[in-house]
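The structure displayed is predicted, hence computed values, not measured ones.
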Amino acid sequence: MIIMKNKCTYILVGLMLFLTGCEDFLDKREDAGGLDETAIYASYESIRGFLDKVYSKLDTYNCMVSRDAGSYGRTYVGAMADEMGVVYNNTVFNKFFSGAWLLTGKSENVTEIGNGSLTPIGRAYPALRIVNRVIENIDKVPLTEEQRNEILGQAYFYRAWFYFQVIKRYGGMPIIDRVFAGGDDDLPRVTYHESSEWMVSDIDKAIAMLPDTWEAMHYGRPTKLAALAFKEMALLYDASPLMQNDLDAVVVKEYDKERAKKAAQAAWAAISYMKKNESLTGVRLATKEEYTNIFWFPDTELKRAEHIWMCRNIQGTTNRSMCIRAFWLYGDMTGQTGAESMAMSCPTLNAANMYERQGEDGIYYPIDDPRSGYQFDPEHAFVRRDPRFYNNILIPGDEWGTYKDGAPHYIRLWVGCSAYNQYLTNSNTNARELSGFMCRKFLWPEANQKHTGSTSGAVTYIGKIAQTVFIRVSQLYLDFAEASFEATGSATAKVEGCDMSAVEALDLIRDRIGVTPLPSDIVSDPVEFRKAYRRERGVELMFEHHRWWDLRRWMIMHEVFKAPFPLKGVRFHPVGSYGDKAGNYTRPASFTYEEFEMTKEVRNFSNMRNYWYPLPQHDVDALRNLKQNPGW
């Protein structure tokens, strides 16, 4: 692809915009924001300010739109997998779901590299260019040793992070370790392992240089713990089945046990550092009481105990308003009727079914275990479930805050009520089906116009929801559990150098929320334990931008989506009368439940080629060394 800019020609290659034949551009570049070289490298403050430009390139998935949706798509990342359905009639995401990832216009292509800020890749390549300029030219800046470490530590961290966003989508890519000049930029792709090894070497440099903590005004910058956690996450990906494929084929593989061992040891190193430095960093596993508002920011507080690496991106009121209208609330709660109000991402029955149920013996079991006592009826389906169910998901009839006059407000998504019927008739939904559920995880009861009397009033309660948490403490333990088990083949064995087993890590996460330890027969059965740690991960990290990547790296996506209509919902049919007009909203006495297939929710990812995103064909055609992914 050729882009003309200021009489200079650029070729978009793989990851970045590389300069060709434009000497005057060396004095003033678009990624410098109008600053010349002298100004950029004049001082600690100027080079830090230049490096900080990459922060805006982070994929803030909690802010309005999933970047993997291409253009403005009003679709949350949970809908990429099996966690959520897409109520809004989003034609871009519909093409994505169909598996036709290259059959869209450039501005809507979810895999397009040179698509400005509309895709994660389009955001990654200018960030990589910036950090490479910082790393190459650091010696031009008058810095103390501490300042040099701060700048380089962040630069190496960001270079690894943005490169990770590329390779987890495409697989192994060229090593981008410098700013390219014309004629040296048509590089061959390398394997995922080779890409990961180079990336982890950057993370190691960041670990050595980054501070333990930052003063409050700089909260959000990566720390030593963030780098340690990122390293174990990167190594776990490198050990995963998908990443054992080379550039020539995509077939189902097993974990690499040695790489899993390294991932477990890296995770234990991060956990050990965290525990040792808790008084300094304030980072720790949240208590049961704290867990209920682990993502709530209704006040001026920015920090939560579990947040290790996050994007401190506080949106303005307009974006916050769009966020609550487009992701979380149904039209009746927003008081709006436009496209954004019809775009609620609604959790599926698939997601709800991940939560265990407490049996008569007090122990929690998977719902397909007879000991759970689960039945699909009002007395068994959504009672005595894992407490995280009630923290993450709302069902019709749940009391959720109050109206402005203090009367109770109920979630009104049952069949036949006006709020439900609105979705069947609105032109923006094309009669798409509501799953029957609503996301609760990122909201608190006052964040809706029923409570405040206006959408603008509700925005004051949405606070800082636009902040995106990339890694939190529970992920450290879940990553460790997975890596430890896959390295040893045992839930109870301990990897060399680690003082915890896989099951101990899982039970720690379960205990803090009030869920009993895993039953012994599950612990002793490797097949069942693998299901258990994956289920635990699905529940604990639900809606947090992990499920899509997990299904792919585990290479189970083709199984999860093999049915013609893999996503399921529940129709809640009211029993008894209820009020359905303003001032007289009441709930039915009870409901009957009907499971159904969400026939408009197609997930055509059963083809093996969909495990890797395709490279834009125009780039492949233009370059000798840019090899297309298998099947595309």
Side-chain angles (χ1 to χ4, degrees), residues 75-88 97 327-328 330 344-358 364-370 372-398 411-417 419-420 423-424 429 431-441 531 534-544 546-548 550-551 556-557 559-574 590-603 605:
T75 303
Y76 192 64
V77 291
M80 294 167 65
D82 56 350
E83 292 179 311
M84 289 178 164
V86 183
V87 179
Y88 177 64
F97 292 146
F327 279 169
W328 311 121
Y330 54 91
M344 182 179 71
S345 295
C346 49
T348 60
L349 180 60
N350 310 55
N353 284 346
M354 293 186 203
Y355 295 87
E356 297 176 357
R357 187 179 188 275
Q358 189 179 38
Y364 284 86
Y365 299 96
I367 64 168
D368 59 358
D369 189 316
S372 71
Y374 175 85
Q375 299 176 49
F376 189 63
D377 62 37
E379 294 183 2
H380 301 86
F382 303 116
V383 298
R384 302 182 66 165
R385 301 296 287 271
D386 180 326
R388 288 169 291 190
F389 177 91
Y390 310 106
N391 192 74
N392 296 348
I393 294 177
L394 291 163
I395 65 174
D398 279 354
I411 299 301
R412 299 176 60 252
L413 291 175
W414 59 80
V415 174
C417 72
Y420 180 93
Y423 280 88
L424 301 181
T429 66
R432 296 185 74 86
E433 302 139 318
L434 288 166
S435 68
F437 302 98
M438 177 176 156
C439 180
R440 180 190 189 276
K441 191 168 197 174
K531 292 179 184 177
R534 290 179 174 179
R535 183 170 55 248
E536 194 70 28
R537 188 178 182 90
V539 166
E540 176 68 24
L541 302 179
M542 189 166 284
F543 315 138
E544 295 180 39
H546 288 278
R547 181 72 173 171
W548 170 242
D550 287 345
L551 293 181
I556 63 171
M557 181 175 69
E559 294 292 334
V560 171
F561 295 123
K562 66 182 178 181
F565 307 109
L567 301 192
K568 305 294 190 294
V570 178
R571 294 190 179 103
F572 291 76
H573 295 281
S590 61
F591 301 94
T592 59
Y593 303 157
E594 175 195 0
E595 180 179 335
F596 71 99
E597 293 181 336
M598 301 180 71
T599 57
K600 293 183 181 293
E601 294 292 341
V602 177
R603 296 291 188 275
F605 301 144

Check Ala352 against Ile393 and note the closest heavy-atom contact, atom names and distance. CA-CD1, 4.3 Å
Short question: side chain of Arg547, backbone of Ala81 - any donor-acceptor pair under 3.5 Å? no
Can you tell me how far apart CZ (Arg357) and CG (Asp386) are? Round to the nearest 0.5 Å. 12.5 Å
From CG (Asp377) to OH (Tyr374), nearest 0.5 Å: 8.5 Å
Between Lys568 and Met598, is any pair of side-chain heavy atoms under 4.5 Å apart? no
If I compare all heavy atoms of Trp414 with all of Phe591, which pair ends up nearest, and what's the gap? CB-CE2, 3.5 Å
Taken in chain and number order and not counting sequence neighbours, the residues that satisfy ring pair (Phe, Tyr, Trp, His ring centres under 6.0 Å) with Tyr593 are Phe376, Phe382, Phe572
Return yes if some donor-acceptor pair links the side-chain N/O of Ser435 with the main-chain N/O of Pro347 below 3.5 Å, else return no. yes
For the residue pair Leu434 and Met344, what are the closest heavy atoms and their distance? CD2-CE, 3.7 Å
How about Asp369 and Glu356: do any of their side-chain heavy atoms sit closer than 4.5 Å? no
If we only count heavy atoms from C-beta on, is the Met557 to Arg603 side-chain gap below 4.5 Å? no
Correct closest heavy-atom pair for Arg440 and Asn391 would be NH1-O, 3.3 Å
Can you tell me how far CG of Leu349 sits from CE of Met354, rounded to the nearest 0.5 angstrom? 10.5 Å
When you measure from the side chain of Glu601 to the backbone N and O of Val86, does any donor-acceptor pair fall under 3.5 Å? yes
One should read off an interatomic distance between Met84 CE and Met438 CE, to the nearest 0.5 angstrom, of 10.0 Å
List the residues meeting side chain to side chain contact (heavy atoms under 4.5 Å, CB included) with Asp398, not counting sequence neighbours, and say none if there are none. Leu394, Ile395, Ile411
Tyr420 side chain near Arg571 side chain, heavy-atom distance below 4.5 Å: yes
N/O donor-acceptor pair under 3.5 Å between Glu594 side chain and His573 backbone: no
Side-chain (Lys441) to main-chain (Met542) donor-acceptor, under 3.5 angstrom: yes
Test your reading of the model: is there a side-chain donor-acceptor pair from Asn350 to the backbone of Pro566, 3.5 Å cut-off? yes
Correct closest heavy-atom pair for Asn392 and Tyr355 would be ND2-OH, 2.9 Å
Is it the case that the side chain of Thr348 and the backbone of Asp82 share a donor-acceptor pair, with hydrogens and angles ignored and the cut-off at 3.5 Å? yes
Residues in ring pair (Phe, Tyr, Trp, His ring centres under 6.0 Å) contact with Tyr423, at least two apart in sequence or another chain: none
What's the verdict on side chain to side chain contact (heavy atoms under 4.5 Å, CB included) for Thr599 and Glu433, showing C-alpha distance, side-chain angles and the deciding distance? CA-CA 8 Å; Thr599 57; Glu433 302 139 318; 3.2 Å; yes
What I want to find out is whether Glu544 reaches Arg537 closely enough, with some N-O distance under 4.0 Å, to be called a salt bridge. no
Does a side-chain heavy-atom distance below 4.5 Å link Leu551 with Phe561? yes
Short side-chain to backbone donor-acceptor contact, Glu83 and Ala351, under 3.5 Å: no
Tell me if a side-chain donor or acceptor on Tyr330 pairs with a main-chain N or O of Cys346 at a distance below 3.5 Å. no
